[in-house]
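Contents: one structure, followed by commentary.
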Amino acid sequence: MKRAFVSRAILHGIILLVALFWFLPTAGLLITSFRPAYLTSVSGWWTAFEHPFELSQFTLKNYREVLEQGSMVRAFVNSLIIAIPSVILVLAVAAPAAYALAWTDLPGRKFMYCLVVGLIIVPLQMTFIPVLKLFNALGLSGTFPALWLAHTGYGLPFAIYLLHNFFASIPKDLIESASIDGASHSTIMLKMVIPLSLPALASLCIFQFLWVWNDLLVALIYAGGFRNVAPITLQVANLVGSRGQEWHLLTAAAFISMSLPLACFLAFQRAFVRGILAGSLKG
Amino acid sequence: MTKDKILLKLVYALLAWVSLVSGAQATPRDSVTVMTLWGGKELEAFEGILDAFEKRTEVAVRVESAGRDLSILLMARLEAGNPPDLAVIPNPGQMRELARRGHLIPLDFLEPRGYPKAFIESAQFCGRQYGLFLSADAKSLVWYRPRLFKEGGYEIPRSWSDMVALSKRMATEGKTPWSIGLESGAASGWPGTDWIEDIFLRLHGPDAYDRWVEHEISWQNPLVKEAWETFGQILFNEDYVFGGIMGCLSINFADAALELFTEPPGCLMHRQGTFMQSFIRGNYPLLAPGRDYNVFPLPSIKGGGPAPLVASGDLISAFRDTREVRDLLSYLASPEAQSMWAKAAGKLALHVDVPISAYSDPISAKAAELLTTAEVVKFDASDMMPAVVGSGAFWTGILDYASGMKLDDVLARIENAAQRAYKGGQVLR
Amino acid sequence: MNNKLAWLYMVPAALFLGVFLIYPTFSTIALSFFGPRSVEFVGLANYRSVLTSSAVLSALRNNLLWLAIMPTATVALGLVLAAILDRVRYEAIVKAIVFLPMSISFVGASVIWKFVYAYRPASRPQIGLLNAILARLGFEPIGWLAVRPWVNNLALITVGIWVWTGFCVVILSAAYKGVPRELVEAARIDGASEFQIFWHVILPHMRGTIAITFTTMVIYVLKIFDIVYVMTNGAFDTEVLASRMIKEMFGYWNYGSAAAIATLLLLLVIPFLTISMLRFLREER
């Protein structure tokens, strides 16, 4: 009995340490964002717990200052403007493609699917210079459409892979009986396959949204020169580059940029997890 | 197919609408755009000058603050075919590269009067002027607090060996003479390059300095090595520097400067350029320059004469040749604009007609005088070198050296990068 | 079944993939044989200079370091956590905590950890969590992002592990729970210890999933950029190929060598591409 108790205690202890390691850093940032600038540079955030109820050591000033700077609010809005159409576009393009690869007699579809999956691995760096030149030639640099198109292009391989997994797992008899009844591909896709795959579509939505919202690199390359379309990741990254005199702003700005994905995550955790699992486990 | 079609049509409509909206950023014809890397007080000061210009000429000026990523932003805009009309260029090396690629317009219509030779030459490419210096920053200065010096009975050192002896004396008394902060985000290492440049100039004179900048001397040359080793004598002495070598590597350069003012002070001397005043004023607005803190010139190493000066400056170049751009540049070169800039931003004006009385504080006045009276004024070497070295290998070399790498290896690394940079078509003159 | 329509379904996707992924890959490889402004043909000069550049070589070394440590660490941690969390009732909460960092961008994670690693000299109070703990234990503070080559790179890799372990936990936990109960019970009845059961019964059953997870992590690690760019931008010898490429492209305005570095990155990735392609084809058969 005693051995079981001790080993249980150790188990709980280890789990507690793990939980702390994963939780404390984020908690530290959150607390720091509520501390005034001069306190941040002289004492650690944990000292706030020495007098937890002395509210004067906390302040909303950091958040207020960040929000007053129009650039941060603008960046938040930009992130939304960039992310939402990217999600819609990726869905609109990936779904028919995944369906075609799964349920039509398209010649060479095995090869095509293989190619698509292979493209997941291409490092984005391979694409920047030519695509940038292309955008410049078309006059698209520094515009929102450029970012939508780029994010769609980059997100397609994984999207097709994910949706294909789901689509292909729909029982063959269902599809066959529908086509025997005279339904065309478009009807089958729109009226049967897609409604049945709503969980997968939802997962893809969440995935793509989070990926685009959190993206720094693509924005840096295609929108880096244009402040008016810069998303919030770029804005925060610039603050980090500042001399350290503005770190109190950095904490609040970082938290504001994280607030949306965090809320998304907490609300849609299940869908997100399902998406990951569908992409990585079989069936 | 209808649902699909409708959805697609909606998407196209949305795309068209937003591209219309976001594309409509064209600037009206009689206005000028300037891209700067300043923020905070400097930006305010600059906007003040632009306001004066606007009042005079009714030409609107739009300022874009690009921050640390100015090179990236500028490059992206150039490639996209819509650069700003004017931009503050971080250093002459980059200006040269831009000129070489044909992006800049020559500024022969400007006649900067009385600029030190270093400032005229470094704004040139192939003999023509492509940049205008708005202001200068004198770098070879040591900041200290007069009260602490008086209390300790310390004299301003007149030679390098005196300065080292003073450091030794301070150390034996249990105080820390210097603080050196090398950390600066992506630019970490640059404060060390200032030390090396000052030391090199003092050890080997202006001609050798020029040859070093042009890479006519290799980085592995004993002249270069001697400069680094001299720096190392201070840098690696745990008693001479605040926080020891670990501190030097990890402390941000601005924080290191402010160690002069903590109680008890983290250091008694700090080598830094005139721009340091803006940090001091920002953090300790009640302290009076001249009385509570002051500067003395970094002393010479050889010979007893006045020490040479290393300086840098804010450089502005133009990408489009319009009447408005020329007017703005001419204004920025005028004594009026330069005194405004000097006063507001704590910088040093370059136009010869700006009197010393234009400076609102004794330190800037002293630095300005040094700038005009010094026998040898040289431009910051790392700013003149091609970016791969000047903003790359040289900076990381300082960090390598401070982290304990053998000096020969450090210099070999920098030389390796320099071979690529100077050969690959990076023409310097 | 109408094939013409099927082609139509593929066309938008094919266009996007062609324009954004396929064509640029070949174009970049071609650009790597040209000069800084992509005007003059220089043959292998870019590769020669890149492969002899100590900056690029140390970036390569760092990539290998990341490669050696992060996938192994995240997968191993994921496995261990999957196993031990299965035994407690509050499993879901802890999983959520470990998984949370995945929703934060790398930029956010970098900011968070910048405060954990913050350094003040020993004579001043510490504001960084790690150095505060060190100081409390009587040690000197360490410049976590400055000391090289192990400390700072490991510090950055730790941030990567912190973000990505949640991903591994989720997948491996699902696979763990998918191991048939009967097998485990049978082994237990046979007198095997918990550890033996884990090693000989559970792990083999999860082999496929572990392999996939590991490969996925490898692919992401090779492309690592954000953490390095935001926290140090490659200073103090922490550069990786992805950030070096951006520096060459935008900092030094040299398209030729930037393309060469990108191609190098692709070459590094190809073996893993081949492995997962082969496995994929085998399974489809």
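Numbered from 1 within each chain, the chains take letters A, B, ... in sequence-line order.
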For A/Q125 and C/L241: C-alpha separation, side-chain torsions, deciding distance, then whether side chain to side chain contact (heavy atoms under 4.5 Å, CB included) applies.
CA-CA 10 Å; A/Q125 281 78 11; C/L241 287 175; over 6 Å; no
For A/N214 and C/F106, run side chain to side chain contact (heavy atoms under 4.5 Å, CB included): C-alpha distance rounded to whole Å, both residues' side-chain angles, the deciding distance at 0.1 Å, then the answer.
CA-CA 7 Å; A/N214 287 336; C/F106 273 125; over 6 Å; no
What do the steps show when you test A/M126 against C/I29 for side chain to side chain contact (heavy atoms under 4.5 Å, CB included), and what is the final call?
CA-CA 8 Å; A/M126 287 300 288; C/I29 298 179; 3.7 Å; yes
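With sequence neighbours excluded, no residue forms a salt bridge (charged side-chain N to carboxylate O under 4.0 Å, His left out) with A/R109.
For a residue to count as touching a neighbouring chain, one of its non-hydrogen atoms must lie under 4.5 Å from one of that chain's; by this rule A/A254 touches chain C with the side chain only. Using a 4.5 Å cut-off between heavy atoms, A/I160 contacts chain C through its side chain alone, with no backbone atom that close. The contact between A/Y99 and chain C is made entirely by side chain atoms (from C-beta outward), counting heavy-atom distances below 4.5 Å. For chain C, no part of A/F111 is nearby; none of its heavy atoms comes within less than 4.5 Å. Proximity to chain C involves both the backbone and the side chain of A/A150, based on heavy atoms less than 4.5 angstrom apart. Only the side chain of A/I14 comes within less than 4.5 Å of a heavy atom of chain C; its backbone N, CA, C and O stay farther away. If you measure heavy-atom distances from A/T32 to chain C, the contacts under 4.5 Å come from the side chain alone. Contacts between C/W113 and chain A at a heavy-atom distance below 4.5 Å involve the side chain alone, from C-beta outward.
A distance of 12.0 Å separates CG in A/L106 from OH in C/Y9, rounded to the nearest 0.5 Å. For the atom pair CG (C/L17) and OH (A/Y154), the distance works out to 11.5 Å, reported to the nearest 0.5 Å. Atom CG in A/L156 sits 10.0 Å away from atom CZ in C/F20 (nearest 0.5 Å).
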